[in-house]
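In what follows, chains are A, B, ... by sequence order, proteins preceding strands, each numbered from 1. Keep in mind that what you see is a predicted model, and the values were worked out from it rather than measured.
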There are 2 protein chains.
Amino acid sequence: MLKFIIENNENYQPGLSIDCVIFGFHDNQLKVLLIKVPHSEKWSLPGGFIPIDQDIDTAAVTVLNERTGVEGIFLRQFAAFGKIKRNDDHFGKEVLKYLNIDPEKGKWLTRRFVTIGYYALVDFLKIVPNRINSNEIIEWIDHKEVPELILDHKEILNKALDTLRIELNLMPIGYNLLPEKFSMPELQKLYETILDKKLDRRNFMRKITNIGILTKLDEKKNNVAHKAPNLYSFDKEKYDEVLKNGLNQGW
Amino acid sequence: MLKFIIENNENYQPGLSIDCVIFGFHDNQLKVLLIKVPHSEKWSLPGGFIPIDQDIDTAAVTVLNERTGVEGIFLRQFAAFGKIKRNDDHFGKEVLKYLNIDPEKGKWLTRRFVTIGYYALVDFLKIVPNRINSNEIIEWIDHKEVPELILDHKEILNKALDTLRIELNLMPIGYNLLPEKFSMPELQKLYETILDKKLDRRNFMRKITNIGILTKLDEKKNNVAHKAPNLYSFDKEKYDEVLKNGLNQGW
DNA sequence: AGTACATTGCGTCATAATAACACATTTGAC
DNA sequence: GTCAAATGTGTTATTATGACGCAATGTACT
């Protein structure tokens, strides 16, 4: 980080940053991957800067990996944020002070940054966030209990969630969010959690089944209270096909 | 422009630009507003740079106005483009050479720019593109006959059109694209042109009527071949309501 | 004036999608 | 064994959709 700030003018895209909204699903909760840096009381989205020799989409993957250790996931760009006062003077100065950097050298940091938002849905269990930087804390936090975030990160998070809800109508989800074998109630809970809305059990099942991306397994979930639900898996081939063509055509 | 390039480091957001895809509808054709600058054989989208004291959304309006004279339209951000070789060295050097600027002073221009794309649907007739810069040519061009464009502008244009087609399923359109009074076939042609697809006349009418955003006028179009179609207008209040709430909910 | 033809307005019909709900079955808890 | 909670598999009514039919309107042409 320190190395970055000093070398910024040469090796990084000026005035631009990337912030990632990483959604995971666990215990029937939609979780978001957040980072807490020591020089602030607030949490933040994992973000960073754009190497001048990388496409921004590639840079998003790099940034996420450097901040969290998370690897090999597909990040979807959803919006750019560029209000003039989105990163105020104060914030930049705090960082410089904390890192003991000459305010003149780090001047660029206190100017307005435009940030590009990326989001992803990942398997909660497969992502074990490494603590790359020993003084940073990385945690999955329930999206309903997200504390105050730095800058406009809350706005970015909300926009990501809005985008996700819209995309839910255009494409199937769940492949990276659920274990390989899952029950219908689990899949439904995922949808309900993202949409923050109750769905009818029977209508949900019919609709999701008709999409044709599920394989019903000859196996039941065990160690559950009450009647054991059947298990399903995604038919990856058909899943990808639907991903490509979209769900509804509308007109 | 020249003033801008020399003063850039101080007054504009570095490394970032904005490009606008302005769609208009006329003669049953979807038109795009394009600009031809003298220092290139190719056409380009109206674009420009971001004043450091403006929100990017505001800057988009400013940029469009400065390049085309177009005023007071809502621009929708749809994507950021940032491949490392999207603006190659060659392009920047050409511009500097044409403007007779010391390559050292304009060095920043030859680096990678990330551009943020905005699109809008506007009334073809209400927008009379002024030629601000006497050596620039501004024209409405049929989107099916768009010539080769500079840099990745064709990609930007295509992405805008893709976004527009998706949004067509989520919200009503036409308010800024058609005259105040319009016939059903005119509205249908608009949809068909954007989607590049034939729609059934009768089903289209039923569906669009059911949305509840149209007011049937007691008036017929005149000076037309064959049977005169009835005229309609948008019920702005309901139109805005649907715009806010969206069309389909899906889940 | 009369006819041909393109276009509009207003239908129908079969099918699919959706919302709301009924009922029997399975399983753990008491 | 009985109860409660959850699952599996329906039904029914309503609405939306896609594919047409046909009469009415107005222009163009003989």
Side-chain angles (χ1 to χ4, degrees), chain A residues 27-28 165 168-172 174 178-179 181-193 195 197-233 242 245-251, chain B residues 27-28 168-172 174 178-179 181-193 195-233 242 245-251:
Chain A
D27 282 342
N28 289 337
R165 282 176 181 152
L168 213 58
N169 295 321
L170 304 174
M171 54 186 61
L178 296 172
K181 301 172 179 183
F182 52 89
S183 68
M184 197 54 77
E186 283 171 332
L187 183 57
Q188 182 178 339
K189 269 274 175 255
L190 171 60
Y191 274 78
E192 288 182 338
T193 304
L195 294 169
K197 187 162 92 178
K198 282 266 162 220
L199 300 174
D200 182 273
R201 201 167 53 84
R202 296 147 289 188
N203 293 336
F204 175 81
M205 180 168 175
R206 184 180 28 189
K207 188 162 174 176
I208 205 90
T209 302
N210 281 340
I211 296 174
I213 53 173
L214 296 181
T215 308
K216 186 173 182 175
L217 304 175
D218 191 20
E219 195 175 343
K220 284 176 194 301
K221 196 172 172 74
N222 46 17
N223 290 327
V224 290
H226 315 296
K227 179 169 180 178
N230 212 312
L231 289 178
Y232 293 81
S233 67
V242 176
N245 300 329
L247 279 176
N248 303 328
Q249 29 236 40
W251 286 100
Chain B
D27 282 341
N28 289 337
L168 214 58
N169 295 321
L170 304 174
M171 54 186 60
L178 296 172
K181 300 172 179 183
F182 53 88
S183 69
M184 195 55 76
E186 282 171 331
L187 183 57
Q188 183 177 340
K189 269 273 175 257
L190 172 60
Y191 274 78
E192 288 183 339
T193 304
L195 294 169
D196 198 22
K197 186 162 92 176
K198 281 268 162 220
L199 300 174
D200 183 272
R201 201 167 54 83
R202 296 147 288 189
N203 293 337
F204 175 81
M205 180 166 175
R206 183 180 41 193
K207 189 162 174 176
I208 204 91
T209 301
N210 281 341
I211 296 174
I213 54 174
L214 296 182
T215 307
K216 185 173 182 174
L217 304 175
D218 192 18
E219 195 176 344
K220 284 177 192 302
K221 196 172 172 75
N222 46 19
N223 291 328
V224 290
H226 314 296
K227 180 172 179 177
N230 211 313
L231 289 178
Y232 292 80
S233 67
V242 176
N245 300 329
L247 279 176
N248 302 328
Q249 28 237 41
W251 288 101

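Considering all non-hydrogen atoms of both residues, Met205(A) and Tyr232(A) come closest at CE-OH, 3.4 Å. When all heavy atoms are compared, the tightest approach of Pro172(A) to Leu247(A) is N-CD1, 4.1 Å.
Recorded end-axis angle for the helix from dA1(C)-dT30(D) to dC30(C)-dG1(D) stands at 0°, based on five pairs per end and rounded to 10 degrees.
Lys216(B) comes within 4.0 angstrom of the backbone, heavy atoms only, and of no base.
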Sugar-phosphate means primed atoms, P, OP1 and OP2; the rest is base. With that split, encode nucleotides 17-30 of chain C 5' to 3' as B, S or - using protein heavy atoms under 4.0 Å. -BBBBB--BBBS--

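With hydrogens and angles ignored, the 3.5 Å screen pairs a side-chain donor or acceptor of Lys197(A) with a backbone N or O of Trp251(B). Looking only at distances, no side-chain donor or acceptor of Asn169(B) sits under 3.5 Å from a matching main-chain atom of Asn248(B).
Protein chain B contacts DNA chain D from dT17(D) to dT27(D), reading 5' to 3' and using non-hydrogen atoms of the protein with a distance under 4.0 Å.
Remark: Glu186(B) engages Phe182(B), Ser183(B), Lys221(B) in a side chain to side chain contact (heavy atoms under 4.5 Å, CB included) (not counting sequence neighbours). Evaluation of the side-chain hydrogen bond (donor to acceptor under 3.5 Å, both in side chains) rule for Arg202(B) yields Asp200(B) as partners, not counting sequence neighbours. The side chain to side chain contact (heavy atoms under 4.5 Å, CB included) check on Lys227(B) picks up nothing, with sequence neighbours excluded.
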Could you give me the CA-CA distance, side-chain angles and deciding distance for Arg165(A) and Leu195(A), then say whether side-chain contact (heavy atoms from CB on, under 4.5 Å) is met? CA-CA 6 Å; Arg165(A) 282 176 181 152; Leu195(A) 294 169; 4.2 Å; yes

Run the side-chain contact (heavy atoms from CB on, under 4.5 Å) check on Asn28(B) and Glu192(B) step by step: do they pass? CA-CA 9 Å; Asn28(B) 289 337; Glu192(B) 288 183 339; over 6 Å; no

Taking it one step at a time, do Leu178(B) and Leu190(B) satisfy side-chain contact (heavy atoms from CB on, under 4.5 Å)? CA-CA 9 Å; Leu178(B) 296 172; Leu190(B) 172 60; 4.2 Å; yes

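Atom-to-atom, CG of Leu247(A) to C1' of dA16(C) comes out at 16 Å; the value is rounded to the nearest Å. If you take CD of Glu186(B) and C1' of dG9(C), they are 16 Å apart, rounded to a whole angstrom.
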